[in-house]
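Heads up: the structure comes next, in structure tokens.
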Amino acid sequence: MTTEEIRAAGLALGFQSVGFASLSEPMHGFAFYRDWLAAGHHAGMDYLVKHAELRSSATQLLSGARTAIVCTQNYAQPLSVPAGRLKVARYSQNRDYHTVLRKRLRRLEALLAGQWPEANFRPCIDSAPLLERELAQRAGLGWFGKNTCLIDSKRGSYFLIALLLTTLELAPSEPAEGGCGTCTACIDACPTGAIVHGNDRWQVDSRQCISYWTIEHRGDIPLTIAEKMGDWAFGCDICQEVCPFNQPRPHQPLRAETTQDPDFLPAGPAPTLDEVAAWDEQSWDAATQGRPLRRARRDGLMRNVAIVQENLKK
Ligand code: SF4
Ligand code: SF4
């Protein structure tokens with residue numbers, strides 16, 4: 001198979017773009033990542049510190065790895081949730097993307113293994129200690145915006161990244177190039193001032209980020225953050241919503257094609273906040289099985305919903 005044929009196979013599996021990054025180069029962003037941790041910007045996500053060194057080289061995740069096959073999954077869609085209903089980040093409205101994307105990567109792996117039985121593979125989706133966005137940039141799939149999202153100039157930033165590490169040596173793609181120019185829309189719009197500058201780069205300080213507090217944090221949320229959460233009960237898309245690369249074009253609600261993938265469209269109408277607040281353990285279990293919302297745990301989502309209900313009274 002040529003890289004073009006591998007790309008075509010990835011697109012046929014439902015990915016929107018596929019690129020190839022060589023792993024012979026060092027991870028240039030690793031020093032920056034270490035400084036980001038040293039500055040405490042990971043907040044309470046201690047697991048990031050624990051496995052930090054693994055991010056210095058993908059070969060630590062797969063011995064002899066030569067190439068990262070990088071795929072993206074579009075979840076672009078308008079988000080209009082009526083007041084009083086559960087508002088969650090776009091990517092999290094349906095199934096857990098880890099499960100969906102892992103299945104697709106496994107199918108891609110099976111195709112490649114049929115052609116190259118001696119090769120080894122490892123699918124990585126978000127949870128593996130890897131500088132995924134750097135590899136995606138090197139694979140030509142987007143460049144770093146000031147909001148730290150990867151931006152594809154034609155498709156915006158509403159996409160997830162899935163990687164298949166392999167011992168195969170495949171021709172690398174041209175790295176993506178682009179930039180924000182003088183735009184500061186995301187920095188200006190972030191309600192908590194979480195996008196900060198340091199080490200010559202814009203970065204997100206998770207200690208100020210609504211996504212961190214509503215998804216990762218266990219326990220109370222400080223009042224200074226809670227009052228800025230507005231109606232976001234799980235995650236926050238504000239710094240993507242204001243980005244010109246995600247803005248509408250004529251006859252199209254977003255720059256990206258709105259996803260048609262049922263796994264990334266809302267599973268149904270959002271429940272009301274009152275309904276969610278009344279969920280017992282059993283209802284929680286039924287409503288969140290196989291969904292990203294589970295990451296916040298039941299008490300976390302209840303905490304967020306209570307905050308949003310208070311915010312909506314103001
Ligand atoms: S996700 Fe929300 S809180 Fe976090 S940086 Fe973006 S706009 Fe700010
Ligand atoms: S909003 Fe502007 S500054 Fe922020 S990522 Fe998009 S283009 Fe860059």
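Counting convention: from 1, in listed order, for ligands and their atoms alike. Excluded from the calculations below are hydrogen atoms, water molecules and symmetry mates; all remaining heavy atoms, backbone and side chain alike, are included.
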Glu216 and Arg295: salt bridge (Lys or Arg N to Asp or Glu O under 4.0 Å), yes or no, with the steps?
-> CA-CA 7 Å; Glu216 300 288 334; Arg295 176 89 184 164; 2.9 Å; yes
Apply side-chain hydrogen bond (donor to acceptor under 3.5 Å, both in side chains) to the pair Arg104 and Gln73, showing each step before the final yes or no.
-> CA-CA 11 Å; Arg104 285 192 203 155; Gln73 169 63 46; 2.4 Å; yes
For Arg298 and Asp280, what are the C-alpha separation, side-chain angles and deciding distance, and is it a salt bridge (Lys or Arg N to Asp or Glu O under 4.0 Å)?
-> CA-CA 9 Å; Arg298 180 169 163 250; Asp280 58 13; over 6 Å; no
Would you sort out whether Trp232 and Ser211 count as a side-chain hydrogen bond (donor to acceptor under 3.5 Å, both in side chains), showing the intermediate values?
-> CA-CA 9 Å; Trp232 290 102; Ser211 287; over 6 Å; no
Derivation of the salt bridge (Lys or Arg N to Asp or Glu O under 4.0 Å) call for Asp299 and Arg297 = CA-CA 6 Å; Asp299 50 353; Arg297 302 188 186 165; over 6 Å; no
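At the shortest separation from atom 3 (S) of ligand 1 among protein heavy atoms lies Ile210 N, 3.2 Å. Annotation: atom 7 (S) of ligand 1 to nearest protein heavy atom, Cys239 N, 3.4 Å. Protein heavy atom nearest atom 2 (Fe) of ligand 1, with residue, atom name and distance: Cys236 SG, 2.3 Å. Nearest protein neighbour of atom 4 (Fe) of ligand 1, counting heavy atoms only, is Cys209 SG, 2.4 Å.
Near Asn147, the atoms of ligand 2 lying under 4.0 angstrom from a non-hydrogen atom of the residue are 5 (S). Heavy-atom proximity to Cys243, at under 4.0 Å, picks out these atoms of ligand 2: 1 (S), 6 (Fe), 7 (S). Close approach of ligand 1 to Ile238 is summarised as follows: ligand atoms under 4.0 Å from at least one heavy atom of the residue are 7 (S). Under a 4.0 Å criterion applied to the non-hydrogen atoms of Ser211, ligand 1 contributes the atoms 1 (S). Every atom of ligand 2 with a heavy atom of Pro244 under 4.0 Å away is listed here by number and element: 1 (S), 2 (Fe), 6 (Fe), 7 (S). For ligand 2 and Cys183, the ligand atoms under 4.0 Å from any heavy atom of the residue are 1 (S), 2 (Fe), 3 (S), 7 (S). Residue contact check: Thr192 has heavy atoms under 4.0 Å from atoms 3 (S) of ligand 1. Distances below 4.0 Å separate heavy atoms of Cys180 from the following atoms of ligand 2: 3 (S), 5 (S), 7 (S), 8 (Fe). The Ala185 neighbourhood of ligand 2 comprises atoms 1 (S), with distances under 4.0 Å to a heavy atom of that residue. In summary, the atoms of ligand 2 found under 4.0 Å from a heavy atom of Ile151, numbered by their order in the structure, are 5 (S).
Remark: the backbone N or O of Phe264 is paired with a side-chain donor or acceptor of Gln77 at under 3.5 angstrom. Without hydrogens or angle criteria, Thr214 side chain to Gly235 main chain gives a donor-acceptor distance under 3.5 Å.
The heavy-atom pair separating Met229 from Val308 by the smallest distance is CE-CG2, 4.5 Å.
At a threshold of 4.5 Å between non-hydrogen side-chain atoms, the residues Trp213 and Gln208 do not count as touching. In this structure, the side chains of Cys71 and Leu108 come closer than 4.5 Å at one or more pairs of heavy atoms.
Residue Cys190 counts as close to atom 8 (Fe) of ligand 1, with an N, O or S atom under 2.8 Å. Checking Cys186 against atom 4 (Fe) of ligand 2, an N/O/S atom falls under the 2.8 Å cut-off.
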